[in-house]
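Hydrogens, waters and symmetry mates play no part in the numbers below; they use all other heavy atoms, side chains included. No experiment lies behind these values; they were computed from the predicted model shown.
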Amino acid sequence: MAFDEVKNFINGAFKSGSSSKIHTVISPLDGNELTTFNESTMEDLNEIIGFAQKAQKAWQKVTLKERVQVFYKYKQLLEQNSTELTEIIYRENGKIHGEAKAEIDKAIELTEFACSLPQFVNGENMEVSKGVYCSSTKLPLGIVASIVPFNFPTMVPHWTIVNAIALGNAFILKPSEAVPISSQYTAKLLKEAGLPDGLFNIINGTQSTVENLCDHPDIKAITFVGSTKVAKIVYQRASHNLKQVLALGGAKNHIILLPDAHPDMASSNIVASMSGCAGQRCMAAATLIAVGNCDAILDKLIDDANKIQCGTTLGAVISKAAKEKIEFYITEAEQQGAKIILDGRNTIVPGKENGFYVGPTIIDYATADMKIAKEEIFGPVLTIVRVNTIDEALTIENANPYGNACSVFTQSGGLANYVTENASAGMCGVNIGVPVPREPFGFGGWNESRFGSGDITGKSAIGFFTKEKKTTTKWNPEAGTNWMS
């Protein structure tokens, strides 16, 4: 095995899951086995909870300004270990090195935001009536958990880890069973940074582990990132158990291309959006709606996409099953009358013949009712639907049940505003293929891309990971009274 056995992280120590069921982790790069881990049980979770409760009670008594000092050190450790962490993501996820490095850089930025929390989490105090004062403070919830996907083994966990712990909570991470290695190094670096034992914990497993997290009465909040189908299940089950829940689901992101768009800017951004991370991101360009005559831009886009090389500038998809699913969608679209302009099926990378690769794929002349244009593919596939007007484009975008992202490419400010004002998406872009907000702005979509309220990152996340206490006081018996006091 290339890596040591993946273990749970409990009270500052690594420990194997107590189930006898063993899972093998496969590298998408070449199909080789990387490591194994034991499935966890409710007994494992109970052990984590026992230590986490004690650690959290002590941690919440530490001031916020003191708590974030750990993350200043942790940020330095991420920077110092960036090369090794990048290599791990490359090996277990299959994305190219540049994308893996960008993921570490984003984790560093998220940690920087956590360090700035004392500037955002300020209590309020106001004299609401003569001699009567109201104040508010934000307090931690207790123990919180995050269930994270395979596509960003380090970045997505850092959406929640650093904020939740800095705000005074104990934290349980359930990594994707496909990419559990990166989290082992997160645990090591947090411990090295001086985080007290019991505050950061890892529990490895599959569906039963997720169900245990949703059901455990001592876990006060859960975040989830993954498919819409599972997001709905997690949201319903965890909220039924009276937890605070934010579950982010899938997406089918639309890019509206107008004829006046800057050809080079549009082409490079759209191609990067559809192919980056092998299309395995919930903000990837999926359906391109070309309004009017955009042929010149589309020709350049196809030419740029054709220059992408699997294994060099395009990484692998996560599994053989994912590869087969993506290729099935392409074949079905072809059978339904769409034209395959660039075909990524049956791609083999020399020297990595057993890897899971799908080449960049562009499908033209699709119709809005085809599955390829409506359903989440999660691969480097761009489907082109042609329409005559911008309102036709918005009708198609609005009809999509998801609501993560919508971008428009144009040089007209008026048309850009028209699209962003009328798109049914929580994150919009103008001449940007992947309109992910940067801190302190929060990440969060609409419709069936999000279940729960608030965003998972940025200032909005503060409200999710805390509860507010309001106190009203009056000390001066001589102050005048009225109906307010």
Side-chain angles (χ1 to χ4, degrees), residues 1-9 14 23-37 71 73-112 148-159 161-162 173-193 200 202 204 225 272 275-281 308-320 322-323 347 349-358 380:
M1 294 290 180
F3 293 91
D4 292 337
E5 175 195 350
V6 167
K7 297 181 179 181
N8 294 335
F9 191 66
F14 289 101
H23 299 274
T24 302
V25 180
I26 304 295
S27 174
L29 296 173
D30 49 24
N32 290 336
E33 295 182 359
L34 290 177
T35 186
T36 61
F37 68 88
F71 295 103
K73 174 63 174 176
Y74 178 65
K75 173 183 174 291
Q76 293 179 336
L77 292 172
L78 286 175
E79 293 167 341
Q80 293 167 9
N81 292 273
S82 176
T83 300
E84 182 180 9
L85 298 174
T86 295
E87 182 66 20
I88 294 165
I89 294 172
Y90 166 72
R91 297 284 298 279
E92 71 171 342
N93 175 271
K95 63 181 64 175
I96 62 175
H97 280 93
E99 293 168 344
K101 174 62 166 57
E103 187 173 338
I104 301 302
D105 290 341
K106 182 62 181 178
I108 291 169
E109 182 188 29
L110 291 159
T111 304
E112 288 174 347
V148 296
F150 71 81
N151 55 339
F152 290 95
T154 295
M155 184 194 76
V156 171
H158 280 74
W159 281 357
I161 292 170
V162 287
L173 176 68
K174 191 279 173 192
S176 165
E177 56 268 33
V179 292
I181 303 170
S182 292
S183 64
Q184 304 282 284
Y185 289 79
T186 299
K188 292 176 183 177
L189 295 185
L190 283 170
K191 187 176 178 69
E192 186 178 344
F200 177 75
I202 298 171
N204 291 289
V225 181
S275 64
C277 302
Q280 298 176 124
R281 52 186 176 186
I308 295 172
Q309 294 183 328
C310 272
T312 304
T313 54
L314 179 66
V317 297
I318 193 63
S319 66
K320 181 180 179 182
K323 173 181 169 67
T347 295
V349 174
K352 298 178 180 178
E353 287 79 7
N354 293 322
F356 313 128
Y357 292 91
V358 178

Give me the atom names and distance for the closest heavy-atom approach of A187 to I202.
CB-CD1, 3.9 Å
Distance-only, no hydrogens or angles: does the T36 side chain make a donor-acceptor pair with backbone N or O of E5 under 3.5 Å?
no
In Å and rounded to the nearest 0.5 Å, what is the CD to CG distance from Q80 to L85?
11.0 Å
Once you round to the nearest 0.5 Å, how far does OG1 of T154 lie from CD1 of I161?
8.5 Å
Quick one, K75 and F71 - any side-chain contact, counting heavy atoms below 4.5 Å?
no
Is there a side chain to side chain contact (heavy atoms under 4.5 Å, CB included) between I88 and F3? Walk through the geometry before answering.
CA-CA 9 Å; I88 294 165; F3 293 91; 4.1 Å; yes
For residues V349 and L29, determine if any side-chain heavy atom of one lies less than 4.5 Å from a side-chain heavy atom of the other.
no
Taking side chain as C-beta onward, heavy atoms only, is I181 less than 4.5 Å from P153?
no
Test item: S275 side-chain N/O and P380 main-chain N/O as donor-acceptor pair under 3.5 Å:
no
Nearest atoms (heavy-atom pairs only) where P28 meets R91:
CD-O, 3.8 Å
Shortest non-hydrogen contact from F150 to A178?
CB-CB, 4.1 Å
Using the test side chain to side chain donor-acceptor pair (under 3.5 Å), find all partners of E92 that sit at least two apart in sequence or belong to another chain.
S182
Value rounded to 0.5 Å, distance of OG in S27 from CG in L34:
4.5 Å
What distance do T83 atom OG1 and K101 atom NZ have between them, rounded to the nearest 0.5 Å?
7.5 Å
Taking the six-membered ring of F152 (Phe, Tyr or Trp), confirm whether the NZ or CZ of K95 is under 6.0 Å from its centre and within 45° of its axis.
yes
About how many Å separate CG of L189 and CZ of F200, when rounded to the nearest 0.5 Å?
10.0 Å
Would E103 and K106 count as a salt bridge (charged side-chain N to carboxylate O under 4.0 Å, His left out) if you check the C-alpha gap in whole Å, the side-chain angles of each, and the deciding distance to 0.1 Å?
CA-CA 5 Å; E103 187 173 338; K106 182 62 181 178; over 6 Å; no
C310 and T347 have their tightest heavy-atom pair at SG-CG2, 3.7 Å
Can you give me the closest heavy-atom contact between L314 and A278, atom names plus distance?
CD1-CA, 3.8 Å
Under the rule for ring-ring contact (aromatic ring centres under 6.0 Å, His included), what residues qualify as partners of Y90, not counting sequence neighbours?
H97
For the pair F9 and F14, name the ring-plane relationship: parallel under 30°, tilted 30 to 60°, perpendicular over 60°.
tilted
Short side-chain to backbone donor-acceptor contact, E99 and C277, under 3.5 Å
yes
Mark yes or no for whether N81, through its side chain, and L77, through its backbone, hold a donor-acceptor pair below 3.5 Å.
yes
Hey, what do you get for OG (S82) to CD (E87), rounding to the nearest 0.5 Å?
11.5 Å
Where T312 and I96 come nearest, the two heavy atoms and their spacing
O-CG2, 3.5 Å
Side chain to side chain contact (heavy atoms under 4.5 Å, CB included) between E112 and E109, worked out
CA-CA 5 Å; E112 288 174 347; E109 182 188 29; 4.3 Å; yes
Just by modelled atom types, is the Y357 backbone N or O under 3.5 Å from a matching donor or acceptor in the K323 side chain?
yes
Going through the distances and angles, do N204 and N8 end up as a side-chain hydrogen bond (donor to acceptor under 3.5 Å, both in side chains)?
CA-CA 6 Å; N204 291 289; N8 294 335; 3.3 Å; yes
Under the salt bridge (charged side-chain N to carboxylate O under 4.0 Å, His left out) test, residues paired with E33 that sit two or more places apart:
none
For V179 and I318, run side chain to side chain contact (heavy atoms under 4.5 Å, CB included): C-alpha distance rounded to whole Å, both residues' side-chain angles, the deciding distance at 0.1 Å, then the answer.
CA-CA 9 Å; V179 292; I318 193 63; 4.1 Å; yes
Would Y74 and T186 count as a side chain to side chain contact (heavy atoms under 4.5 Å, CB included) if you check the C-alpha gap in whole Å, the side-chain angles of each, and the deciding distance to 0.1 Å?
CA-CA 9 Å; Y74 178 65; T186 299; 3.5 Å; yes
